[in-house]
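Following: one structure in structure tokens, then a few remarks.
Protein chains get the first letters and strands the later ones, always in sequence-line order, with residue 1 at the start of each.
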Amino acid sequence: EPEVTQTPSHQVTQMGQEVILRCVPISNHLYFYWYRQILGQKVEFLVSFYNNEISEKSEIFDDQFSVERPDGSNFTLKIRSTKLEDSAMYFCASSRYLGSNQPQHFGDGTRLSIL
Amino acid sequence: GENVEQHPSTLSVQEGDSAVIKCTYSDSASNYFPWYKQELGKRPQLIIDIRSNVGEKKDQRIAVTLNKTAKHFSLHITETQPEDSAVYFCAASKRDDKIIFGKGTRLHILP
């Protein structure tokens, strides 16, 4: 069964540094998402992306965050100047269709630790 | 704004007994309700979902019910087994795709 893959599995970064989290969605999926889960808390929506532009973003997704689909397979989340509170598990997800409530498939996540 | 409330936050059940987790949602436009199981350090995995045109759905030992009028939905696990121990998240979604998660229920199956 095809899977969403994320790299790296764990990223340790100094506060203030830039970090890029990478995702390869399932190949025939058209809708892409990033979610965040702070340790012990719920999964929170960050941003959705379709047709090379952001569809919706949450309050968490401020000017320090950006997303990009640089080629036909990768989907990246960039945090420009990391803060301690950015430490969390970041999940990428993708789905095939919109509106027919197709399930979103989640990757294994990247654990981001800000020192 | 959109919100999903989930109860209880922790649930301990004797192996073989049933477990029930309850959720409510605030946005009446929500029409898709997935349930995810998350084991420690792993991705949320979809275990069952229900759409707003259905009141109940069952898959082996797992069942979900939906009351659109009351904006309640529930997960029922029967004949619980040790491997059912995990954190369970209810969630709600509208046509425009983002998923709003509840805070999770940590389910412990006691031997």
Side-chain angles (χ1 to χ4, degrees), chain A residues 1 3-7 9-10 23 25-26 29-51 53-61 67 88-113, chain B residues 1-10 21 23-27 29-54 57 59 62 64 66 68 73 86-106:
Chain A
E1 187 178 330
E3 289 188 341
V4 175
T5 57
Q6 289 185 244
T7 54
S9 56
H10 191 189
C23 170
I26 294 173
H29 283 190
L30 303 175
Y31 300 89
F32 314 115
Y33 312 85
W34 283 101
Y35 292 85
R36 177 183 84 174
Q37 186 178 31
I38 294 171
L39 186 64
Q41 297 187 23
K42 67 176 178 180
V43 179
E44 300 174 289
F45 169 77
L46 291 179
V47 65
S48 58
F49 190 88
Y50 168 69
N51 200 25
E53 60 183 28
I54 290 173
S55 306
E56 187 173 0
K57 56 185 181 180
S58 71
E59 292 175 352
I60 303 167
F61 195 89
V67 289
M89 194 76 155
Y90 288 81
F91 291 103
C92 173
S94 69
S95 64
R96 176 79 174 108
Y97 299 111
L98 185 67
S100 58
N101 298 134
Q102 290 294 306
Q104 292 181 20
H105 296 254
F106 282 77
D108 281 332
T110 292
R111 182 169 299 284
L112 178 62
S113 300
Chain B
E2 300 146 321
N3 193 36
V4 175
E5 295 289 337
Q6 182 171 349
H7 300 280
S9 56
T10 306
I21 301 170
C23 291
T24 59
Y25 60 98
S26 61
D27 190 341
S30 297
N31 58 3
Y32 174 64
F33 307 92
W35 285 86
Y36 290 87
K37 176 183 179 182
Q38 187 179 35
E39 295 174 355
L40 192 62
K42 298 196 173 178
R43 72 176 84 180
Q45 289 204 300
L46 180 71
I47 55 171
I48 195 166
D49 56 15
I50 190 166
R51 290 171 172 76
S52 58
N53 58 345
V54 174
K57 182 176 176 180
D59 182 4
I62 297 173
V64 290
L66 171 65
K68 279 209 74 180
F73 58 117
V87 179
Y88 291 79
F89 292 96
C90 63
S93 178
K94 295 189 291 193
R95 190 181 183 281
D96 56 355
D97 73 306
K98 72 181 180 189
I99 294 175
I100 305 298
F101 287 80
K103 288 187 176 180
T105 296
R106 185 170 298 279

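Heavy atoms of B:Leu46 lying under 4.5 Å from chain A belong exclusively to its side chain. For chain B, the nearby part of A:Glu3 is the side chain; its heavy atoms alone come within less than 4.5 Å. Looking at B:Pro44, both its backbone and its side chain come within 4.5 Å of chain A, counting heavy atoms on both sides. For B:Lys42, the part lying under 4.5 angstrom from a heavy atom of chain A is the backbone only. Both the backbone and the side chain of A:Gln104 come within contact range of chain B, judged by heavy atoms closer than 4.5 Å. Looking at B:Gln38, the atoms closer than 4.5 Å to chain A (heavy atoms on both sides) all sit in the side chain, from C-beta outward. Interface remark: A:Gln6 contributes no atoms to any contact with chain B (heavy atom separation under 4.5 Å).
Of the candidates A:Phe106, A:Phe91, A:Tyr90, A:Tyr35 forms a ring-ring contact (aromatic ring centres under 6.0 Å, His included) with just one, namely A:Phe106. Exactly one of A:Ser48, A:Ser95, A:Ser55, A:Ser94 qualifies for a side-chain hydrogen bond (donor to acceptor under 3.5 Å, both in side chains) with A:Tyr33. That residue is A:Ser95.
Between A:Tyr50 and A:Tyr31, the distance from one ring center to the other falls under 6.0 angstrom.
Between B:Glu39 and B:Lys37 there is a salt bridge, since at least one side-chain N of the basic residue sits less than 4.0 Å from a carboxylate O of the acidic one.
Summarising the geometry of B:Cys90 relative to B:Phe73, their closest heavy-atom pair is CB-CE1, 3.6 Å, with the distance given to 0.1 Å.
Separation of atoms NZ (B:Lys103) and NE2 (B:His7) is listed at 9.0 Å; rounding is to 0.5 Å.
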